[in-house]
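Note: hydrogens, waters and symmetry copies are ignored here, and every other heavy atom, side chains too, is used.
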Amino acid sequence: MEQAILNALSPEYPWRDRVHYLPEVDSTNDRLKILAAQGAPHGTAVITDHQTGGHGRRGRSFLSPPGVGIYLSMLLRPECPPADLMHLTCAVGVAMCDAIEKAAGFRPGIKWTNDLVSDRRKLGGILTELRLDKNGNVDYAIIGIGINCNQTQFPQELDMATSLRIEAGRPADVNAIAAALLLELSRMRREFLSRKSDWIAAFSQNCLTVGKDIQILRAGTVRQAKATGIGPDAELLVEYPDGTSGSVSSGEVSVRGLYGYV
């Protein structure tokens with residue numbers, strides 16, 4: 001599969017020698033952390049179609065059965081303070097939408113801040129992790145991506161999920177999807193620090209949370225609000241029923257009509 005991915009890659013992709021395909025791995029993010037600690041260079045990527053210990057935000061498990069998905073992590077060494085990366089997950093979301101549109105023929109939306117969604121169901125997710133150096137700057141960032149590619153059905157507890165195959169009505173070419181993701185991430189890396197406002201604007205255009213009634217779940221509380229926009233650091237701007245406004249940069253956000261929230 002590694003050679004098939006490399007064959008599908010555009011000639012402009014800059015890090016061909018840094019792509020590692022593993023038939024099975026506990027977690028692509030965790031494996032890349034090991035490589036990063038060993039001095040792996042910027043642009044190193046780990047790809048698999050079977051994770052035995054995949055995980056998402058807040059330590060949640062991420063179902064990664066063999067043969068039907070793409071699980072990809074990329075290492076970045078941006079040499080900047082962590083505050084400069086507040087919009088990184090949003091930029092990755094836009095890059096994923098671009099890749100899927102080019103390789104699968106349709107464009108998903110993004111649920112703030114890290115879920116790819118099509119037809120009100122979850123298509124994939126993003127897990128971004130940072131490690132800081134002794135001076136408080138970013139030693140490295142790891143972008144983790146999981147995309148449901150060729151599933152035709154899901155367990156009952158995952159009835160909010162979908163796949164590229166279900167949405168497009170035909171099997172997905174996982175090698176083409178992986179190659180498109182790598183290329184769009186490399187393009188994103190060239191611009192996401194210097195064109196921050198452009199990436200935020202693109203995220204806002206693709207974010208289906210904006211304009212929706214939402215629930216904000218944080219510290220054991222649930223608060224109703226309406227999402228009104230995306231702020232300059234990729235925070236979610238909201239308006240509460242009492243007319244006050246605010247922003248959300250952490251916690252869980254449920255969008256009415258998605259994932260069982262009615």
Side-chain angles (χ1 to χ4, degrees), residues 1-2 4-22 25 27-33 35-36 40-49 51 54 56 62 69-80 84-104 107-110 113-116 123-131 138 140-149 164 172-196 198-200 202-203 206-207 234:
M1 187 172 178
E2 179 174 331
I5 293 171
L6 292 175
N7 290 342
L9 269 174
S10 166
E12 73 175 272
Y13 185 70
W15 303 310
R16 287 177 163 272
D17 59 336
R18 303 175 191 181
V19 175
H20 302 272
Y21 172 77
L22 302 174
V25 67
S27 158
T28 55
N29 267 31
D30 290 348
R31 184 59 60 93
L32 196 49
K33 289 175 190 175
L35 295 177
H42 182 82
T44 299
V46 174
I47 306 173
T48 189
D49 67 352
Q51 293 185 123
F62 189 96
I70 283 291
Y71 313 102
L72 181 157
S73 296
M74 179 175 281
L75 175 70
L76 303 181
R77 296 190 183 273
E79 299 181 353
C80 66
D84 289 354
L85 300 184
M86 294 292 290
H87 67 302
L88 176 57
T89 297
C90 293
V92 173
V94 174
M96 289 176 68
C97 289
D98 291 343
I100 290 172
E101 183 174 28
K102 291 172 182 175
R107 190 173 187 87
I110 307 169
T113 177
N114 67 322
D115 285 358
L116 254 64
L123 183 65
I126 305 164
L127 177 63
T128 302
E129 299 184 272
L130 305 182
R131 179 181 174 86
V138 177
Y140 63 76
I142 290 178
I143 299 164
I145 292 170
I147 296 180
N148 301 326
C149 292
L164 297 178
D173 184 338
V174 293
N175 300 314
I177 298 296
L181 286 169
L182 289 171
L183 180 60
E184 293 304 324
L185 288 175
S186 73
R187 289 173 171 169
M188 179 214 75
R189 172 59 188 97
R190 292 198 298 264
E191 302 177 334
F192 86 100
L193 286 175
S194 61
R195 297 179 55 206
K196 177 180 176 180
D198 293 337
W199 285 101
I200 296 291
F203 178 82
N206 287 273
C207 182

Within-4.5 Å side-chain heavy-atom neighbours: [X] and [Y]:
{"X": "Glu191", "Y": "Asp198", "value": "no"}
{"X": "Val46", "Y": "Met74", "value": "no"}
{"X": "His20", "Y": "Arg31", "value": "no"}
{"X": "Leu88", "Y": "Met188", "value": "yes"}
{"X": "Arg189", "Y": "Pro78", "value": "yes"}
{"X": "Leu123", "Y": "Met96", "value": "no"}
{"X": "Leu32", "Y": "Tyr140", "value": "no"}
{"X": "Phe192", "Y": "Leu85", "value": "yes"}

Using 30° and 60° as the class boundaries, would you call the ring planes of Trp15 and His42 parallel, tilted or perpendicular? perpendicular

Measure the spacing between [atom1] of [X] and [atom2] of [Y] and express it to the nearest 0.5 Å.
{"X": "Leu127", "Y": "Ser27", "atom1": "CG", "atom2": "OG", "result": "8.0 Å"}
{"X": "Arg195", "Y": "Ile200", "atom1": "CZ", "atom2": "CD1", "result": "12.5 Å"}
{"X": "Glu2", "Y": "Leu22", "atom1": "CD", "atom2": "CG", "result": "8.5 Å"}
{"X": "Leu116", "Y": "Cys97", "atom1": "CG", "atom2": "SG", "result": "4.5 Å"}
{"X": "Ile5", "Y": "Ile70", "atom1": "CD1", "atom2": "CD1", "result": "5.5 Å"}
{"X": "Thr89", "Y": "Ile110", "atom1": "OG1", "atom2": "CD1", "result": "10.5 Å"}

Checking Ile147 against Leu181 for the side-chain contact (heavy atoms from CB on, under 4.5 Å) test, could you report, in this order, the C-alpha distance in whole Å, the side-chain angles of both residues, the deciding distance, and whether it holds? CA-CA 10 Å; Ile147 296 180; Leu181 286 169; 3.7 Å; yes

Decide side-chain contact (heavy atoms from CB on, under 4.5 Å) for Met1 and Val174; before the verdict, give the C-alpha distance in whole Å, the side-chain angles of both, and the deciding distance to 0.1 Å. CA-CA 9 Å; Met1 187 172 178; Val174 293; 3.7 Å; yes

If you look at every heavy atom in [X] and [Y], which pair is closest and at what distance?
{"X": "Ile100", "Y": "Pro108", "answer": "CG2-CD, 3.8 Å"}
{"X": "Ala172", "Y": "Leu164", "answer": "CB-CB, 4.0 Å"}
{"X": "Asp49", "Y": "Tyr21", "answer": "OD1-OH, 3.5 Å"}
{"X": "Ala45", "Y": "Leu182", "answer": "CB-CD2, 3.8 Å"}
{"X": "Trp199", "Y": "Ala95", "answer": "CZ3-N, 4.4 Å"}
{"X": "Ala178", "Y": "Leu72", "answer": "O-CD1, 4.1 Å"}

Exam field: side chain Arg16 to backbone Leu6, donor-acceptor pair closer than 3.5 Å: yes

Candidate list Asn29, Thr128, Asp30, Thr44, test side-chain hydrogen bond (donor to acceptor under 3.5 Å, both in side chains), partner Ser73, passing option: Asn29

Pair Lys196-Asp84, side-chain contact (heavy atoms from CB on, under 4.5 Å): steps then yes or no: CA-CA 9 Å; Lys196 177 180 176 180; Asp84 289 354; over 6 Å; no

Can a donor-acceptor pair be found between the side chains of Thr48 and Thr28 at a distance below 3.5 Å? no

Passes side-chain contact (heavy atoms from CB on, under 4.5 Å), Glu129 versus Ile143? Steps please. CA-CA 7 Å; Glu129 299 184 272; Ile143 299 164; over 6 Å; no

More than 12 foreign heavy atoms under 6.0 Å from CZ of Arg131: is that the case here? no

CD/Glu79: more than 12 non-hydrogen atoms of other groups inside 6.0 Å: no

